[in-house]
Amino acid sequence: MKWRRVLPLAAAAGVAAHDLVQRRHALLRNFPVIGHGRYLVEKIGPELRQYIVAGNDEERPFSRDQRRWVYASAKLENNYFGFGTDNDVEHTPGYVIVKHRTFGRAVPASSPRAGHEAWLPCAKVLGAARGRRRAFRPDSVVNISGMSFGSLSGNAVAALNKGAALAGCMQNTGEGSVSPHHLLGGELVWQIGTGYFGCRDEHGRFDLHRLKDVVAAAPIRALEVKLSQGAKPSLGGLLPGVKVSPEIASTRGVPVGRDCVSPSRHAEFTNTDELLDWVEMLAAETGLPVGIKSAVGDMAFWDELTHLMADTERGVDFVNIDGGEGGTGASPLVFTDSVALPFRMGFSRVYRTFAQRGLHEQVVFAGAGKLGLPDNAVTAFALGVDLVYVAREAMLAIGCIQAQKCHTDTCPTGVATQNRWLAHGLDPELKSVRAANYIRTLRRDLLKVAEATGVEHPALIGSDDVEILTGQTVGTPLHEIYGYEPDWGYPSAADQAAVVKLMTDTASQGGSAQPSPTAAGKS
């Protein structure tokens, strides 16, 4: 049995010999065999930090506490936190504080399960301001953001679509078009990107007839023209040919096995005026509300857009602002870190531009960029958002572990991969329930916070209800930070009255016991 002792030594000697003669790594030439330990530790460093080293609130993009809340919500486990916050509230610049009201017209119910199945519709009717034939009120203020089939596995898209159906919300298709995995019950927002996938001819040009055929065959409620996204604004994209399976090729209308390119710019329009012409054409041909999605950089575009909307009969029905803090799309580090404004700053500038021209009540505002966490979502509503989209949080709900391997095709949980073996580990039936649970829980928490501030719906939370801490003694309301007028951030008076009626007609008010005779006599 000497070979059992000799074999490891021989293997080590072989590795050492290789290390000594190779020229690529100086560390291995100088420290053969043991130098490999350094590369092993470097490789598993993210996992070590994630599970062993990092504190509960240290990791990015989502801390352990944030992931724990999403996981527990998706599994209907206890998502409460005991013994107080472990965040350094007074020494964290930009910390959000929501100001509750002692006496408000909305009284939260006291039951622990109250509001868990909360119906939380949009405070505005999408497409109504411009008279679209198929205008509608979205049933949920929380919806699933654009993540394409191709970037996500078919099982992941299917889980999210079924989850959307269970939760009564919408799923944005992403620019990869409407796949069979999107047709499992959930309503859709079809995102039209620069590649015109699903509505292009054999030369890659936009094809209106194909678009209308897809709209007629799928539960599409709105069209979203993607100008840019937070992860890689103005960069375009590429799905490598090895990932372009027959199913993806059929969905997108591209050749099998060939690189699938998303150009950095649209071919159907080259300026803001032409964009509005195209939007109006799409709305007229389909009857659907039509909006745009964009990250925020140069404000000249938004100035021109609002100027044209105010002076002509053309306009977008909704604006979806994506924060520059990144998203599910992979991109060069400089784009992830430093291109496009973060959500709050970018959204507030765009909203202010619309409000200054009196257009803010005519447009439905949506937002994305870590808005699947309740404190971020509440802040977004206070700034004027009407709908929030969730992407990475929805991925966490269906099993993502933040391995950050989305761009390598080796996602270990089968969410962001086209590897059949890895994708088969994700059960769409089970994960769809978890996606729905997460969305319902987020809606519940948004409703609870709204009621704590004394209002019936998160769209009625004002910019003076949220403060941003900048130290131990300084807290500044949102309207002061972002230059809002007192009536900004809210729907119109008519929309406010309508949503209050909807909420009070369908939900019972909370409270405690009946007042005593003495208290009743005083009233």
Side-chain angles (χ1 to χ4, degrees), residues 62 66 69-74 76 79 98 115-124 126 136-147 159-174 185-189 191 221-222 224 291 293 318 320-323 327-328 343 347 364-398 400 431-451 455-461 491 499 502-503 506-507:
F62 293 90
Q66 291 168 337
W69 178 81
V70 174
Y71 293 146
S73 300
L76 289 186
N79 63 358
V98 181
H116 197 79
E117 298 293 332
W119 179 53
L120 207 54
C122 181
K124 296 175 182 174
L126 184 55
F136 71 103
R137 184 187 300 275
D139 259 349
S140 175
V141 298
V142 180
N143 298 281
I144 297 172
S145 195
M147 295 176 282
L160 294 173
N161 188 259
K162 291 183 177 183
L166 292 172
C169 73
M170 297 183 294
Q171 179 186 23
N172 190 301
T173 64
E187 294 185 333
L188 303 173
V189 175
Q191 185 183 98
R221 303 303 305 273
E224 179 181 270
K293 174 181 180 177
F318 65 92
N320 184 7
I321 297 298
D322 200 9
T328 57
F343 173 77
F347 178 83
V364 172
F365 290 99
K370 296 185 73 173
L371 301 188
L373 302 171
D375 54 339
N376 290 344
V378 168
T379 305
F381 278 106
L383 288 172
V385 159
D386 302 297
L387 302 170
V388 296
Y389 277 106
V390 296
R392 288 172 290 180
E393 301 91 335
M395 292 169 64
L396 291 170
I398 63 172
C400 168
K431 300 301 185 180
S432 65
V433 175
R434 294 188 178 180
N437 290 339
Y438 158 69
I439 291 166
R440 291 183 183 122
T441 303
L442 178 56
R443 288 196 304 235
R444 178 202 68 184
D445 282 8
L446 291 175
L447 180 60
K448 284 189 172 185
V449 173
E451 291 171 336
V455 296
E456 299 84 355
H457 189 281
L460 307 180
I461 297 174
V499 79
L502 285 173
M503 298 306 296
T506 58

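Note that the structure is predicted; figures quoted are calculated from it, not measured.
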Find the distance between CG (L396) and OH (Y438) and round it off to the nearest 0.5 Å. 8.5 Å
Side chain to side chain contact (heavy atoms under 4.5 Å, CB included), that's the test. Do I144 and I439 meet it? Break it down for me. CA-CA 9 Å; I144 297 172; I439 291 166; 3.9 Å; yes
Y389 versus V189: any side-chain heavy-atom pair under 4.5 Å? yes
So do the side chains of L442 and W69 get within less than 4.5 Å of each other, counting heavy atoms only? yes
Considering all heavy atoms, the nearest P121-R137 contact: CB-CD, 4.0 Å
Taking the side chain as every heavy atom from C-beta outward, state whether C400 and R392 have any pair of such atoms under 4.5 Å apart. no
Without swapping roles, check the side chain of N143 against the backbone of M170 for a donor-acceptor pair under 3.5 Å. yes
Dump the intermediate steps for side chain to side chain contact (heavy atoms under 4.5 Å, CB included) on M503 and L120, then the final yes or no. CA-CA 8 Å; M503 298 306 296; L120 207 54; 3.7 Å; yes
Contact between P138 and L387 at the side-chain level, heavy atoms closer than 4.5 Å - yes or no? yes
Roughly how far, to the nearest 0.5 Å, is CG of D375 from CD of Q66? 7.0 Å
K124: partners by salt bridge (charged side-chain N to carboxylate O under 4.0 Å, His left out), with sequence neighbours left out: D386
Measure the spacing between CD of E451 and CD of E456 and express it to the nearest 0.5 Å. 8.5 Å
Restricting to non-hydrogen atoms, name the atom on P491 and the atom on A459 that form the minimum distance, rounded to 0.1 Å. CD-O, 3.6 Å
So do the side chains of C169 and V142 get within less than 4.5 Å of each other, counting heavy atoms only? no
Looking at A74, is its backbone amide N or carbonyl O close enough to the side chain of N437 to form a donor-acceptor pair, meaning the two atoms are under 3.5 Å apart? yes
Any side-chain heavy atom of L502 within less than 4.5 Å of one from H457? no
Measuring from atom CD of E187 to atom CZ of R221, what distance do you get when rounded to the nearest 0.5 angstrom? 4.5 Å
In Å and rounded to the nearest 0.5 Å, what is the OG1 to CZ distance from T379 to F343? 9.5 Å
From CG (L446) to OG1 (T441), nearest 0.5 Å: 11.0 Å
Using a 4.5 Å cut-off on heavy atoms from C-beta on, say whether the side chain of L188 contacts that of N161. yes
Derivation of the side chain to side chain contact (heavy atoms under 4.5 Å, CB included) call for W119 and D139: CA-CA 7 Å; W119 179 53; D139 259 349; 3.2 Å; yes
Contact between Q191 and T173 at the side-chain level, heavy atoms closer than 4.5 Å - yes or no? yes
